[in-house]
**Q** 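Before anything else, here's the structure in question.
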Amino acid sequence: MAAPPLLEGFDSAPVGAAHGRDQSRKQVKKVAVIGAGISGATTARALAERGLDVHVFDKGPQPGAGASGNDQGILYAKLSPKPGPNGDFNLHALIFALRFYREKCAEAAHFCGLLQLAQGEKEQRLQHQIGQWLERNKAEALARAVSAEEASAIAGLSLDYDGLYFPQAGWLQPQKVCTTLLQHDNIRLHFETEIEELTAREGGWRLHPRTGNGDFFADAAIICTANGIRQFPQTAALPLRPIRGQVSSVATGEQSQKLNTTLCGEGYIAPAHRGRHSFGATFKLKETATELREEEHRENLETLAGLLPEIAAEFSSQPLSGRAALRAATPDYLPMAGPVPDWDSLDSTYADLRKNRKFLIPQRADYQSQLYVLGGLGSRGFTYAPLAAEVLAAWICWEEMPVSNELTKALHPARFAIRDLGKNRKN
């Protein structure tokens with residue numbers, strides 16, 4: 001079985017093989033996944049299907065109790081007409097996710113289509129280029145450009161904007177998705193079990209729960225706790241940023257019940273589920289409070305009015321409920337999926353990058369043996385997680401990567417530290 005490709009070329013500087021020294025290539029049989037949101041659920045399922053003994057730990061009472069716990073989650077991506085890591089990963093992640101959810105948990109997915117509406121001149125120009133790219137590559141089955149008139153016919157409501165129509169996309173029931181993915185004979189669930197410390201031991205990792213039945217030992221540990229990733233000293237250097245988001249929920253109205261497909265632009269709204277719509281969401285960088293705020297309900301209504309003014313007016317006279325949670329985003333808005341570096345080794349091995357960020361360094365830095373992370377999914381967690389989990393599983397099981405070497409590097413957790421060295425600064 002071939003090893004994953006070497007990670008070379010972060011800003012022209014190599015970071016070495018993902019597993020550091022050869023002795024860390026021991027066979028992994030038992031793994032601990034910390035976190036039962038969408039990142040933990042997809043990771044656990046990917047490893048369980050490879051025959052590993054998977055134990056999932058979460059401080060909540062059930063799957064998806066954190067940022068993955070909204071009533072409705074939108075399945076979409078931001079495409080780009082130009083090649084590059086962000087656009088390429090969005091494209092591949094969406095294609096993979098559409099197939100993944102149909103195969104793994106179709107009962108929790110609603111493939112009613114999605115319209116990405118072009119609000120503003122900049123977005124109109126971008127979508128025009130994307131539409132041409134889709135047509136040239138005969139990719140209309142994935143998405144196609146539509147006029148405002150055609151978009152209105154698809155949605156069942158009058159719309160003022162052209163857009164991109166994704167006929168196979170739609171929305172998901174987040175907690176049901178997580179629950180379904182975690183139903184596997186090789187997965188053991190440990191809820192209301194907060195892991196407060198990780199200790200490296202010969203041959204693996206010891207997990208120390210805050211409460212419960214004592215410590216747990218595993219050959220490998222994977223941290224999938226969104227902003228909680230930084231609570232562990234081993235991963236505290238990873239540059240995750242909390243972003244508060246509040247979603248509003250309202251009873252279906254006379255006009256809103258006509259909505260046939262998911263709409264997104266500057267905000268989003270999903271078709272009714274159990275007599276209610278979810279719409280939003282706010283974007284509050286670095287805010288960590290999760291109480292509901294009336295002013296953010298009003299903000300969501302104002303955003304919705306830009307898409308559907310009559311529907312927003314209809315909703316404004318009704319009582320609103322909702323939910324606030326914290327997204328976890330990286331500085332480049334791509335997720336992290338891979339092994340966790342030994343930060344001191346990385347800093348000393350590539351110290352010369354502070355003098356010249358293009359300096360070629362042939363040495364390899366060490367990694368923390370069999371410690372991995374999947375996080376930084378931002379606002380597109382349900383689109384990103386399935387493919388990111390396959391990348392992580394390939395690292396752990398020493399399989400060929402499911403994405404290109406360029407994307408493997410673009411998702412690697414060490415990329416930020418390498419870039420900072422090249423900018424002559426420390427994390």
Side-chain angles (χ1 to χ4, degrees), residues 28-45 47-48 52-70 174-175 178-179 181-184 186-244 286-291 323-328 336 339-343 368-377 381 385 389 392 396 413:
V28 172
K29 296 180 180 179
K30 180 189 289 188
V31 298
V33 177
I34 306 172
I38 190 58
S39 59
T42 50
T43 297
R45 186 58 176 258
L47 296 173
L52 277 65
D53 180 17
V54 183
H55 291 254
V56 179
F57 299 83
D58 196 281
K59 65 180 180 181
Q62 60 192 9
S68 300
N70 292 336
Q175 287 192 328
C178 294
T179 299
L181 292 176
L182 291 170
Q183 292 172 350
H184 192 282
N186 292 337
I187 296 176
R188 303 290 179 270
L189 302 175
H190 308 265
F191 292 114
E192 298 183 324
T193 305
E194 182 177 2
I195 303 302
E196 64 176 352
E197 186 180 356
L198 286 169
T199 305
R201 290 288 183 265
E202 184 176 355
W205 289 87
R206 188 171 296 279
L207 284 68
H208 306 276
R210 186 178 300 276
T211 58
N213 299 321
D215 295 351
F216 180 86
F217 183 83
D219 300 325
I222 305 105
I223 306 174
C224 304
T225 52
N227 289 295
I229 287 171
R230 298 194 67 184
Q231 80 178 57
F232 299 101
Q234 296 90 344
T235 47
L238 294 171
L240 288 165
R241 302 183 294 179
I243 302 175
R244 172 189 162 91
K286 296 183 180 180
E287 292 199 28
T288 57
T290 56
E291 81 284 357
R323 187 172 183 273
L326 301 179
R327 313 171 183 95
M336 300 178 296
V340 178
D342 179 314
W343 302 106
Q368 301 189 55
S369 181
Q370 306 299 356
L371 181 64
Y372 304 86
V373 65
L374 197 163
L377 300 178
L392 193 62
I396 295 169

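For this chain, numbers begin at 1 and follow the sequence in order.
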**Q** Quick check: do V33 and L374 have side-chain heavy atoms less than 4.5 Å from each other?
**A** no
**Q** How many angstroms lie between CG in L52 and CG in N186, if you round to the nearest 0.5 Å?
**A**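 Separation between the atoms: 8.0 Å.
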**Q** Which atom pair, heavy atoms only, marks the closest approach of W205 to Q368?
**A** CH2-OE1, 4.0 Å
**Q** Within a strict 4.5 Å, meaning less than it, do heavy atoms of the T42 and L392 side chains meet?
**A**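 Contact flag for T42/L392 side chains = no.
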**Q** Donor-acceptor check, side chain of R210 to backbone of E196, threshold 3.5 angstrom: yes or no?
**A**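 No: the side chain of R210 does not pair with the backbone of E196.
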**Q** Strictly distance-based, threshold 3.5 Å: is any side-chain N or O of E197 a donor or acceptor partner for the main-chain N or O of H208?
**A**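 Judged by distance alone, no pair lies under 3.5 Å.
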**Q** Would you call L377 and S39 a side-chain contact if the rule is heavy atoms closer than 4.5 Å?
**A** yes
**Q** Would you say the side chain of R206 lies within less than 4.5 Å of the side chain of F216, judging by non-hydrogen atoms?
**A** no
**Q** Look at the side chain of W343 and the backbone N and O of Q234, then say whether any donor-acceptor pair between them is shorter than 3.5 Å.
**A**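 Yes.
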**Q** With a 4.5 Å limit on heavy-atom distance, are the side chains of L238 and P413 in contact?
**A** yes
**Q** Quick one: CZ on R188 to CG on L182, what's the gap to the nearest 0.5 Å?
**A** 12.5 Å
**Q** Testing the basics here: between I229 and G375, what is the closest heavy-atom pair and its distance to 0.1 Å?
**A** CD1-CA, 3.8 Å
**Q** Looking only at atom types and distance, does a side-chain atom of T193 sit under 3.5 Å from a main-chain N or O of F191, one as donor and one as acceptor?
**A** yes
**Q** When the ring planes of H190 and F57 are compared, do they come out parallel, tilted or perpendicular, using 30° and 60° as the limits?
**A** parallel
**Q** Looking at every non-hydrogen atom in both residues, tell me the closest pair between C224 and T43 and how far apart they are.
**A**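 Closest heavy-atom pair between C224 and T43: SG-OG1, 4.1 Å.
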**Q** Could you check whether any side-chain heavy atom of L326 comes within less than 4.5 Å of a side-chain heavy atom of I243, counting everything from C-beta outward?
**A**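 No. Closest side-chain heavy atoms not under 4.5 Å.
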**Q** For R244 and R327, work out which heavy atoms get closest and say how close.
**A**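 It is O-NH1, 3.2 Å.
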**Q** Where the side chain of D219 meets the backbone of K30, is there a donor-acceptor pair that is under 3.5 Å apart?
**A**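 A pair under 3.5 Å: yes.
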